[in-house]
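Working notes, structure below.
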Protein chains: 2
Amino acid sequence: MEERKRSDQSNPYPSHGSGMESAQVRGKVGDTLEGTIAFRVVVALRDDIVSMALKPGDVISESDIAGRYGVSRQPVREAFIRLAQQGLLLIRPKRATVVKKISPDGVRQSRFIRESIEVEIIRRVASRPGTEAAEVLAKLILDQEAASAANDSRRFHKLDELFHRTLARLAGVEYAWQLIDDHKMQLDRVRYLTLGVSSSQRAIAEHKQIAEAVARADVAGAEAAMRAHLGRAEVLLNQTIEDFPDYFE
Amino acid sequence: MEERKRSDQSNPYPSHGSGMESAQVRGKVGDTLEGTIAFRVVVALRDDIVSMALKPGDVISESDIAGRYGVSRQPVREAFIRLAQQGLLLIRPKRATVVKKISPDGVRQSRFIRESIEVEIIRRVASRPGTEAAEVLAKLILDQEAASAANDSRRFHKLDELFHRTLARLAGVEYAWQLIDDHKMQLDRVRYLTLGVSSSQRAIAEHKQIAEAVARADVAGAEAAMRAHLGRAEVLLNQTIEDFPDYFE
DNA sequence: CTCTGCAATCTTGTATGGTAGATGCTTCCG
DNA sequence: CGGAAGCATCTACCATACAAGATTGCAGAG
């Protein structure tokens with residue numbers, strides 16, 4: 001069940017959605033509203049949307065969801081507000097609330113944002129040849145190969161995400177990753193439509209190129225490898241738009 | 001009264017807070033919840049926070065604000081949720097809600113994010129010597145000089161923002177600017193503490209350098225000028241932390 | 001004098017009823 | 001047969017009441 005844990009507010013400072021996972025101690029987590037009904041509804045709905053159980057264009061309503069989860073309308077309403085701000089729902093006052101369709105241009109700009117930040121991150125990491133970086137990255141790639149060999153695509157996806165977040169941590173801007181993570185939700189919906197063909201082999205090869213460039217402090221090489229790695233998402237998007245035109249604007 | 005207009009949801013796709021201003025027609029704005037009480041409370045509170053009328057660390061409560069605005073607790077509560085997701089409030093369940101203190105590290109990472117994106121933007125713009133760009137930027141700089149001469153710091157601040165957002169538009173990633181704008185709120189609080197010493201002269205000079213590099217399609221030069229321009233915020237932050245330690249974590 | 005525990009009173013979270021706007025169908029008139 | 005007015009029925013928005021955790025201060029026991 002995995003239980004994606006998000007703080008959803010009290011986000012450690014500038015970002016919005018947040019996304020600290022893999023439950024370390026992380027300061028004190030005590031001050032958040034994880035135990036509330038509204039929070040549970042947010043998590044459930046977000047998972048349903050990202051996993052495409054709720055499809056873009058589907059109309060839902062406060063009473064509808066409230067009844068389905070056996071709770072009152074109030075926490076559902078608050079969940080709607082949060083998800084609307086995260087760009088997953090569209091609240092049309094007095095009319096209805098619909099699962100937002102995916103905006104191709106929006107996804108492209110999310111990719112632009114991600115590439116901008118990750119390029120800057122990889123530059124920082126590669127320009128400081130820290131001994132820790134090489135080891136950690138190498139180990140992660142080994143894990144990815146194991147997951148790929150075992151055909152565990154879910155685990156591979158998590159490791160892929162961890163690889164990128166680790167780079168952010170090494171650059172000292174882990175919160176910046178939370179931002180990328182929020183925007184990645186949009187792309188994750190696309191990714192979910194094309195599951196199985198993830199071609200993890202190629203991704204692993206690209207990760208190796210990035211890690212090797214970092215190890216030899218090759219800034220330009222690392223940047224090029226990262227751009228190539230992220231650039232592949234573009235063709236994925238275009239293909240998906242053709243296959244599922246109804247889910248896009 | 002200026003009336004900062006934000007969509008606050010139904011944001012055109014990936015971003016969160018949004019921030020389309022300067023009220024053009026802008027597609028159709030019809031489907032938003034601008035007329036609601038909750039929305040008015042959001043706007044009022046955000047202005048109070050950014051303008052430091054509500055200071056970091058101040059404790060507020062739903063009933064408190066509800067009484068102050070003569071409305072019920074419900075819309076206030078929803079406003080709190082939105083502002084908490086934007087990183088301006090911290091809701092501590094069953095305890096209280098406080099105006100979030102400014103996190104120095106958070107501000108630095110916001111700056112990192114902004115620099116990453118704006119550098120990528122300026123590269124795009126400079127690598128395409130579009131004839132429109134040079135004219136528009138030159139005109140904006142003229143306006144800035146006028147505002148500076150008239151000592152109208154408020155207008156200058158808006159023109160400064162418009163300069164950067166125009167670059168985003170020229171690069172075809174205007175939504176990316178909304179993201180920067182959200183994060184800029186944090187830095188704007190800092191800026192408000194040091195009003196008047198904005199040294200608009202230097203900012204204008206830097207804008208000129210950027211615009212000129214763009215005009216001659218000098219990618220590297222434009223990037224360097226942009227980095228220098230944005231880098232100045234760092235010293236501003238450090239100075240402010242010393243002057244107002246209570247407002248920071 | 002110090003510490004423990006209870007109770008008043010804060011806070012936010014949840015439930016529910018009522019209101020106004022938007023939609024779509026029916027019905028009535030031309 | 002075609003079109004417009006009216007009404008049933010959706011929706012999200014708002015107000016209010018209640019519930020439950022957290023805090024504070026005071027009182028009483030040691």
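- Under 4.0 angstrom from either OP1 or OP2 of C/dT23 there lies at least one side-chain N or O belonging to A/Arg95.
- Residues A/Gln109 and A/Asp105 have side chains that bring a donor and an acceptor to within less than 3.5 angstrom of each other.
- Atom CZ of B/Arg40 and atom P of D/dC14 are 8 Å apart (whole Å).
- Spacing between atom CD1 of B/Ile37 and atom C1' of C/dT19 amounts to 12 Å, rounded to whole angstrom units.
- Using a distance-only test at 3.5 Å, with no hydrogens or angles considered, no donor-acceptor pair links the side chain of A/Asp188 to the main chain of A/Arg191.
- The shortest non-hydrogen separation linking B/Asp246 to B/Lys101 is O-NZ, 3.2 Å.
- Of the side-chain N and O atoms in B/Ser72, one or more sit less than 4.0 angstrom from OP1 or OP2 of D/dA15.
- A/Arg92 has its CZ atom 13 Å from the P atom of D/dT11, to the nearest Å.
- Here the P atom of nucleotide C/dT14 and the CD atom of B/Glu78 are 13 Å apart, to the nearest Å.
- Under 4.0 angstrom from either OP1 or OP2 of C/dT12 there lies no side-chain N or O belonging to B/Arg73.
- Side-chain atoms of A/Gln74 and B/Gln74 form a donor-acceptor pair, as typed in the model, at a separation below 3.5 Å.
- With A/Lys100 contributing its side chain and A/Pro56 its backbone, the two residues share no donor-acceptor pair below 3.5 Å.
- C/dT12 atom C1' lies 13 Å from atom CG of B/Leu90, rounded to whole Å.
- Rounding to the nearest 0.5 Å places OG of B/Ser72 at 8.0 Å from CD1 of B/Ile37.
- Near DNA chain D, defined here as any heavy-atom distance below 4.0 Å, the residues from residues 61-70 of chain A are A/Ser61, A/Glu62, listed numerically.
- A/Lys94 places its NZ atom 14 Å from the P atom of D/dT11, with the value rounded to the nearest Å.
- Looking at heavy-atom distances under 4.0 Å, A/Ile81 makes no contact with the nucleic acid at all.
- Taking atom CD on A/Gln74 and atom C1' on D/dC14, their separation rounds to 10 Å, with Å as the unit.
- Residue B/Pro75 has its side chain nearest to D/dA15 when only C/dT11, D/dA15, D/dC13 are considered.
- In summary, the side chains of B/Gln239 and B/Asp243 do present a donor paired with an acceptor at a separation below 3.5 Å, with no hydrogens or angles considered.
- C/dA15 atom C1' lies 12 Å from atom CZ of B/Arg77, rounded to whole Å.
- Taking side-chain N and O atoms only, A/Thr97 has no distance below 4.0 Å to OP1 or OP2 of D/dT11.
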